Amino acid sequence: MSQRVDQFCGGLRERLNAIEGRIQTVKAEVQTLPAKAEKALRGKLDEARTKLQAQKERVEKARVDLKSRADQKVTETKEAISEWKAKRETRKLQARADRSEAYAEAAMVHALASIDEAEEAVLDAVAARMDADAAQ
């Protein structure tokens, strides 16, 4: 009888140890969830920063194009345009239309880059809040 009780207790101890091992595993996994979320957020932030950095050169070119176009618009006079129309100088009018379209495209590039910069700022703010909350 004593041997049966010892076997029963041994089996019970093994099951309890197995349950405790599972509980420890689940506990460790639950504790890593905030770290995984922070890592994912930081990855997204790094991705946004990389994208923004890649676009900075393109944005700078767009700014130069915008300034160039603005300077060019000042130098063009209504008289010259009227003269082109009167003489039906389509080549000059066509070139002016092409420059206007390029200006519109540069303005769109600039606007899109601003949106990406805003996205980075939002993600950075969330990461900063997480850091502040973690420090408390």
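Keep in mind that this is a model prediction, so the values were computed, not measured. Values below: every heavy atom of this structure, side chains too, minus hydrogens, waters and symmetry copies.
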Is there a side-chain contact between Y103 and L66, using heavy atoms and a 4.5 Å cut-off?
yes

Taking the side chain as everything from C-beta on, heavy atoms only, tell me whether E20 gets closer than 4.5 Å to L16.
no

Quick one: does any side-chain atom of S68 pair with a main-chain N or O of V64 as donor and acceptor, under 3.5 Å?
no

Going hydrophobic residue to hydrophobic residue with side-chain gaps under 4.5 angstrom, can you get from V126 over to L123?
yes

Between E101 and D98, is any pair of side-chain heavy atoms under 4.5 Å apart?
yes

Heavy atoms of A62 and A106 approach each other most closely as CB-O, 3.6 Å

Residues D65, R69: salt bridge by 4.0 Å N-O rule
no

Can you confirm whether more than 12 heavy atoms, excluding those of E89, are under 6.0 Å from its CD atom?
yes

Salt-bridge criterion met for K87 and E83 (N-O under 4.0 Å):
yes

In this structure, which one of K56, R63, E57 forms a side chain to side chain contact (heavy atoms under 4.5 Å, CB included) with E60?
R63

Is R49 close to D124 at the side-chain level, that is, under 4.5 Å between some pair of heavy atoms?
yes

Listed by chain and number, what are the side-chain contact (heavy atoms from CB on, under 4.5 Å) partners of A127, not counting sequence neighbours?
L41, R42, L45

Can you tell me how far the CG atom of L112 sits from the CD atom of E117, to the nearest 0.5 Å?
13.0 Å

Are R99 and R96 side-chain neighbours, meaning at least one heavy-atom pair lies under 4.5 Å?
yes

Within this structure, what is the CD-CG distance for the pair Q55 and D116, rounded to the nearest 0.5 Å?
4.5 Å

